[in-house]
Amino acid sequence: MSDFLQSLRLWFAPARIREEGDTPDYRFSLANERTFLAWIRTALALIGGGFAVDQFLPDLRWGVRAGLALALIGVGAVCAVRAVNHWVRCERAMRRGDDLPVSRFPALLAVVVAVVSLAMVAVVAWGDL
């Protein structure tokens, strides 16, 4: 089974993670879980921000408002999915004694949030574009 499919299976059957390698120090597993929860909080904030843009900026043209809102909601959804994937990858690496996986996702997330923020700044500074 491919590594991706095995990771995907572990999303929905996390007890099977025990079949991977040795149990790491619980502090590391709990830190991994806290990181997962931080990613979930970030995802919820992005989704909430998207709904706030849609609900509380009715004076914006529909296309601008919908575009900003959907960008934030979409990034939030991707962030939530990425959170569980990152948790599984890190837990497997710790159990196997491998290096922790690297990811470009934090940089990508930062760039997308910055671009959406700049678009919002432009809307606020110059009005309805």
Side-chain angles (χ1 to χ4, degrees):
M1 180 181 302
S2 79
D3 196 45
F4 174 74
L5 289 177
Q6 189 171 7
S7 288
L8 188 62
R9 183 181 71 163
L10 292 173
W11 289 15
F12 302 102
R16 291 187 136 173
I17 197 83
R18 293 186 179 126
E19 298 170 7
E20 298 280 336
D22 300 319
T23 302
D25 185 331
Y26 289 106
R27 293 174 292 182
F28 299 124
S29 288
L30 292 172
N32 190 28
E33 212 170 285
R34 285 190 301 273
T35 302
F36 166 76
L37 292 172
W39 281 104
I40 292 297
R41 284 191 301 272
T42 301
L44 288 170
L46 289 164
I47 293 167
F51 279 109
V53 165
D54 185 53
Q55 294 298 308
F56 298 119
L57 298 176
D59 294 336
L60 289 180
R61 278 197 329 227
W62 179 84
V64 173
R65 189 177 77 235
L68 292 172
L70 290 174
L72 288 169
I73 292 168
V75 171
V78 170
C79 189
V81 170
R82 183 66 177 100
V84 71
N85 184 53
H86 185 73
W87 176 82
V88 166
R89 291 174 60 215
C90 286
E91 195 67 27
R92 286 177 74 200
M94 287 188 298
R95 290 180 160 276
R96 293 175 173 178
D98 295 340
D99 290 337
L100 291 178
V102 296
S103 175
R104 291 186 183 117
F105 185 74
L108 177 65
L109 178 63
V111 167
V112 170
V113 169
V115 167
V116 172
S117 297
L118 289 173
M120 292 175 130
V121 166
V123 167
V124 170
W126 291 288
D128 190 10
L129 300 175

Which pairs would a plain distance check flag for residues 39-51, meaning a side-chain donor or acceptor within less than 3.5 Å of a matching protein atom at least two apart in sequence or in another chain?
from: T42; atom 1: OG1; to: A38; atom 2: O; distance (Å): 2.9

Under 4.5 Å side-chain linkage, directly or through intermediates, the cluster mates of F56
none
Connected via hydrophobic side-chain network under 4.5 Å: I17 and V84:
yes
Same hydrophobic cluster for L72 and L68, using side-chain heavy-atom links shorter than 4.5 Å among ILVMFWY?
yes
The complete set of side-chain hydrogen bond (donor to acceptor under 3.5 Å, both in side chains) pairs with one or both residues in residues 29-38, sequence neighbours excluded, reads S29-E91, N32-E91
Quick one: do L30 and L37 end up in the same hydrophobic cluster if we chain Ile, Leu, Val, Met, Phe, Trp and Tyr together by side-chain heavy atoms under 4.5 Å apart?
no
Fellow cluster residues of Y26, listed by chain then number, with links counted only when side-chain atoms sit under 4.5 Å apart
none
Does any pair with a residue in residues 65-78 pass salt bridge (Lys or Arg N to Asp or Glu O under 4.0 Å), and if so which ones, sequence neighbours excluded?
D54-R65
Tell me which donor-acceptor pairs under 3.5 Å the side chains of residues 98-117 have, and how far apart each pair is, sequence neighbours excluded?
from: S103; atom 1: OG; to: R82; atom 2: NH2; distance (Å): 2.6
from: S103; atom 1: OG; to: F105; atom 2: N; distance (Å): 3.0
from: S117; atom 1: OG; to: V113; atom 2: O; distance (Å): 2.8

Hey, any chance L60 and L70 share a hydrophobic cluster, counting ILVMFWY side chains that come within less than 4.5 Å of each other, even indirectly?
no
Given side-chain contact (heavy atoms from CB on, under 4.5 Å), test R95 with R18 step by step and report yes or no.
CA-CA 8 Å; R95 290 180 160 276; R18 293 186 179 126; 4.0 Å; yes
ring-ring contact (aromatic ring centres under 6.0 Å, His included): which pairs involve residues 58-83, sequence neighbours left out?
none
Does atom CG (D22) have a neighbourhood of more than 12 heavy atoms from anything else shown, all under 6.0 Å?
no
Can you name the side-chain hydrogen bond (donor to acceptor under 3.5 Å, both in side chains) partners of R96, sequence neighbours left out?
E20
